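All figures in this text were calculated on a predicted structure; none of them were measured in a lab. Basis for what follows: all heavy atoms, side chains included, without hydrogens, waters or symmetry-related copies.
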Amino acid sequence: MGNADALVSELASWLVRHAPPRLLTQDAPDNLLHRIRLIGLTGPARWTDPHWPNHRY
């Protein structure tokens, strides 16, 4: 499973890049778009994002 991390990274990259425009044409809810965007964030940027579930200021 050494290739699993690379596959997950590739899938996340594709999702962040291609899913939002497609979902916008389907009037997807904002919270779904924010969750997809969060997939593309790494490190502290992910945990401090105000749209991260259970985020606390």
Side-chain angles (χ1 to χ4, degrees):
M1 281 282 188
N3 200 23
D5 287 340
L7 291 174
V8 168
S9 179
E10 184 177 342
L11 175 59
S13 179
W14 183 93
L15 187 65
V16 169
R17 187 172 49 249
H18 296 287
R22 294 174 185 203
L23 290 169
L24 284 170
T25 66
Q26 301 297 316
D27 296 323
D30 287 341
N31 66 343
L32 176 59
L33 296 170
H34 285 302
R35 288 177 185 260
I36 291 171
R37 183 184 56 77
L38 290 172
I39 291 171
L41 298 178
T42 58
R46 176 182 283 180
W47 314 122
T48 60
D49 190 283
H51 293 99
W52 185 257
N54 300 319
H55 173 77
R56 297 190 196 281
Y57 289 95

For the CZ atom of Arg46 and the CZ atom of Arg37, what is their distance to the nearest 0.5 Å?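 Result: 11.0 Å between the selected atoms.
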Apart from Ile36 itself, members of its ILVMFWY cluster (side-chain separation under 4.5 Å) are Trp14, Leu15, Val16, Leu23, Leu24, Leu32, Leu33, Ile39
Taken in chain and number order and not counting sequence neighbours, the residues that satisfy salt bridge (Lys or Arg N to Asp or Glu O under 4.0 Å) with Arg35 are none
Once you measure the plane-to-plane angle for Trp52 and Trp47, does it fall in the parallel (<30°), tilted (30-60°) or perpendicular (>60°) bin?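 Aromatic pair Trp52/Trp47 classed perpendicular.
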Would Val8 and Leu11 count as a side-chain contact (heavy atoms from CB on, under 4.5 Å) here? Give the steps. CA-CA 5 Å; Val8 168; Leu11 175 59; 5.8 Å; no
